[in-house]
S.K.: 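Just dropping this structure here.
Just so you know, ligand 1 is whichever comes first in the structure, and atom 1 is the first atom listed for that ligand.
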Amino acid sequence: MCGIMGYVGPQEAAPILVDGLRRLEYRGYDSAGIAVSNGSIQVRKARGKIANLESLLESEPTGGSIGIGHTRWATHGAPTDANAHPHTDPSGEFVVVHNGIIENFQSLKQQLLDDGAEFASETDSEILAHLVAREYDGDLVAAVRRTVALSEGAYAMVAMTKREPGKIVAVRKISPLVVGLGDGETFLASDIPAVLHHTRDFMVIEDDELVIVTDEGATVETIDGAPVDREVVRIDWDAEQAEKGGYEHFMLKEIHEQPAVVTETLASRLEDGTVWLEDVGFDDEYAADIGRVWITACGTAYHAGLIGQEIFRRVLRLPANVEYAHELRYADPIIGPNELTIAISQSGETADTLAAARLAVDKGSRMLAITNVVGSTLSRYADDILYTRAGPEISVASTKAYMAMLIAQYLLALRIGAARGTVDSELAAKVSHGLHLMPGALEEVLSREAEAEKAAHLVTDAEDMYFIGRGLDYAIAMEGSLKLKEISYLHSEAMPAGELKHGTLALITDDVPVVVILTQRDVYDKTISAVQEVKARGGRIIAVAYDSDAEIAAHADVVLRIPDMEDLLAPVAAVVPLQLLAYHVARLRGHDIDQPRNLAKSVTVE
Ligand code: AGP
């Protein structure tokens, strides 16, 4: 996730672009840059936060009232000055900024290299500048159209050329893009809040549309050139709502970003059932030889690891252990050289996870990091890296990063399984297909938020609460319970459904809420027995179940439905109603949802 900007108008472009980038910084902040057109194309870019770009502009100012800008969250290539956007073609006459991923960039880059092109960065984005320049025959719009036809993926781009001063051309292919219409000036941005203080009138660009901005305003067309009569919407959010994209809290915004996060994390990595993991360097021989997988992490990342453990064990028949990092580091574990350690951390800076990962490396294990932050300490220790592409997560309670960790582990399991020949090909095909369908399934779950809110009313006044499930459902129960605890301050415990009768049942009395997750068809009847034990003691049941589950309504007070899917993938969808439940309970209890008491986003101490 990156942020992009554009400006055409009477004012000096640089301060407007930089200001917009600052407001988009939540989308990425490992480098930033602008390009301003003023007879020639002047590019200024710098690694690090926007402040670095501002310092550069102080010493090397630009002049001109047309420009484009970018704040980056690295996906291809480390956070360096060279990889920062904007990118130009070698002549410096064509310049682009880009948000998203060009899935076929390797083959496009190879074609360009074969034609003698030289690249200044490691990014997929730079090829767009080369392609626009190559395709240009006097018409920037036509060149951009041809470039888009060649470039597969989900992205948005903005292009500008010295040859047609006064014009910028932008395209949306899934990644967001809006046009702000000011008084004699026009803005482009990844989201509305970036330019809301300049104008309240917006056109929201849709997929496969192209917008041409000149000093006469903005014209929208389909990518094929058909005119589009786009309605102008007037936005009346206040400044705080705007920062949160109109949501009341960052947590809710991030929950709703999850379909897009799944799309981004899968992009260019899963094609026709084959997995490509760009920073995972081990070969098939190594994968076939892995004797055991260790997964280590803390908190929500540990809960993601619980899912990974189940997948490796059940589907790959590969011994796997997930261990809390703060336990593993002092457990003197027997980790051997043919064992793969997977360290999972959103921030890549959690002290315990770093220490456990180091320990595994010292014991001769190969270490693979699953992390959301390019260049984080964990990524620097790692032999292999699988970046989640969730974008910056602001809310302390992790939601979208967890989602991306799950997707990353499915990809990894498919990759290792293919090398070992231990995954049933029919199941692998179903999982691949199911992953591609997942963004749509998550949209469906999110559209049912009102049910989670209804369930929250059953819970708000409770003092204790329990989450139960079996197998993968138990792993989801753990995450649902943690989410509730950290933001609602309601005491909660998660346990395997079969464990309830071994002690905790003594605490189930009238109206005690119990959340049961029922997505694993092979143990459904067993879990229903636990539901009946709860009902017999007067407890309230909130169930998470498939649409097709006709039985559960007879047992539950509220059913939070998810679309039918492969049981193996169900955790991805089943966690969403639990995130929403936690959110709404915390809201009803009036808590500071994004910054819960006593907690920090990154725990960098032991
Ligand atoms: C989750 O909502 C928490 N904020 C917390 O458990 C978090 O997942 C944990 O501290 C690990 O953080 P990391 O992923 O950055 O390593």
S.K.: Would you sort out whether R589 and Y489 count as a side chain to side chain donor-acceptor pair (under 3.5 Å), showing the intermediate values?
M.R.: CA-CA 9 Å; R589 289 164 75 109; Y489 314 150; over 6 Å; no

S.K.: Heavy-atom count around R314 CZ within 6.0 Å, excluding the residue itself: above 12?
M.R.: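 Enclosed.
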
S.K.: Just jot down the side chain to side chain contact (heavy atoms under 4.5 Å, CB included) partners of E25, sequence neighbours excluded, or say none.
M.R.: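 Listed in chain order: R22, Y29, K49, I50, T71.
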
S.K.: In terms of atom number and element, which parts of ligand 1 are under 4.0 angstrom from non-hydrogen atoms of S398?
M.R.: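 Heavy-atom distances to S398 below 4.0 Å select 1 (C), 2 (O).
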
S.K.: Contact between K483 and ligand 1, counting heavy atoms under 4.0 Å?
M.R.: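 Contact present.
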
S.K.: What is the closest protein heavy atom to atom 2 (O) of ligand 1, and at what distance does it sit?
M.R.: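 Minimum-distance protein heavy atom for atom 2 (O) of ligand 1 reads E486 OE2, 2.4 Å.
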
S.K.: Let me confirm one number: the NZ-OH distance from K483 to Y583, rounded to the nearest 0.5 Å.
M.R.: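 One gets 15.0 Å once the value is rounded to the nearest 0.5 Å.
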
S.K.: Give the numbers and elements of all ligand 1 atoms closer than 4.0 Å to a heavy atom of A397.
M.R.: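 Under 4.0 Å from A397, ligand 1 has these atoms: 2 (O).
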
S.K.: Tell me the protein heavy atom at minimum distance from atom 10 (O) of ligand 1, and give that distance in Å.
M.R.: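 Result for atom 10 (O) of ligand 1: V603 CG2, 4.1 Å.
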
S.K.: Taking 4.0 angstrom as the limit and counting only heavy atoms of G299, give me the atoms of ligand 1 inside it, by number and element.
M.R.: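 Contacts of ligand 1 toward G299, numbered from 1: 6 (O).
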
S.K.: Within the 4.0 Å heavy-atom shell around V396, which atoms of ligand 1 are there?
M.R.: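 That gives atoms 2 (O), 3 (C), 4 (N) of ligand 1.
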
S.K.: Taking both backbone and side-chain atoms of G348, is any N or O found less than 3.5 Å from an N or O belonging to ligand 1?
M.R.: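 So ligand 1 has no N or O lying under 3.5 Å from an N or O of G348.
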
S.K.: Note the single closest protein heavy atom to atom 12 (O) of ligand 1, along with its residue, its atom name and the distance in Å.
M.R.: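 Result for atom 12 (O) of ligand 1: T350 OG1, 3.5 Å.
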
S.K.: Is there a polar contact between ligand 1 and T300, counting only N or O atoms under 3.5 Å apart?
M.R.: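 Indeed, backbone or side chain, T300 has an N or O that close.
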
S.K.: Heavy-atom contacts with C298 under 4.0 Å: which atoms of ligand 1 show up? List them by number with element.
M.R.: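 Every atom of ligand 1 under 4.0 Å from some heavy atom of C298: 8 (O), 9 (C), 11 (C).
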
S.K.: Suppose I only count heavy atoms of S347 and a 4.0 Å limit; which atoms of ligand 1 are within that range?
M.R.: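 Within the 4.0 Å cut-off of S347, ligand 1 contributes 13 (P), 15 (O), 16 (O).
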
S.K.: Determine the minimum heavy-atom distance between S268 and I101, stating which atoms define it.
M.R.: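 Smallest interatomic distance, heavy atoms only, reads OG-CG2, 3.8 Å.
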
S.K.: Can you sort out the partners of D567 under side chain to side chain contact (heavy atoms under 4.5 Å, CB included), two or more places apart, ordered by chain and number?
M.R.: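 D567: side chain to side chain contact (heavy atoms under 4.5 Å, CB included) contacts with Q520, R521, Y546.
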
S.K.: Taking atom types as modelled, is there a side-chain donor on E393 or S398 under 3.5 Å from an acceptor on the other?
M.R.: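 Their side chains do contain a donor-acceptor pair, which is all the 3.5 Å distance test asks for.
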
S.K.: Does atom NZ of K454 have more than 12 heavy-atom neighbours, drawn from other residues, nucleotides or ligands, at distances under 6.0 Å?
M.R.: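 12 or below, so no.
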
S.K.: At a 4.0 Å threshold, what atoms of ligand 1 neighbour a non-hydrogen atom of Q346?
M.R.: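 It comes down to these atoms of ligand 1: 13 (P), 14 (O), 15 (O), 16 (O).
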
S.K.: Run the numbers on D594 and H249 for side chain to side chain donor-acceptor pair (under 3.5 Å), then give the verdict.
M.R.: CA-CA 7 Å; D594 288 329; H249 298 97; 5.4 Å; no

S.K.: Show me which atoms of ligand 1 lie under 4.0 Å from any heavy atom of A301.
M.R.: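 Answer for ligand 1: 8 (O), 14 (O).
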
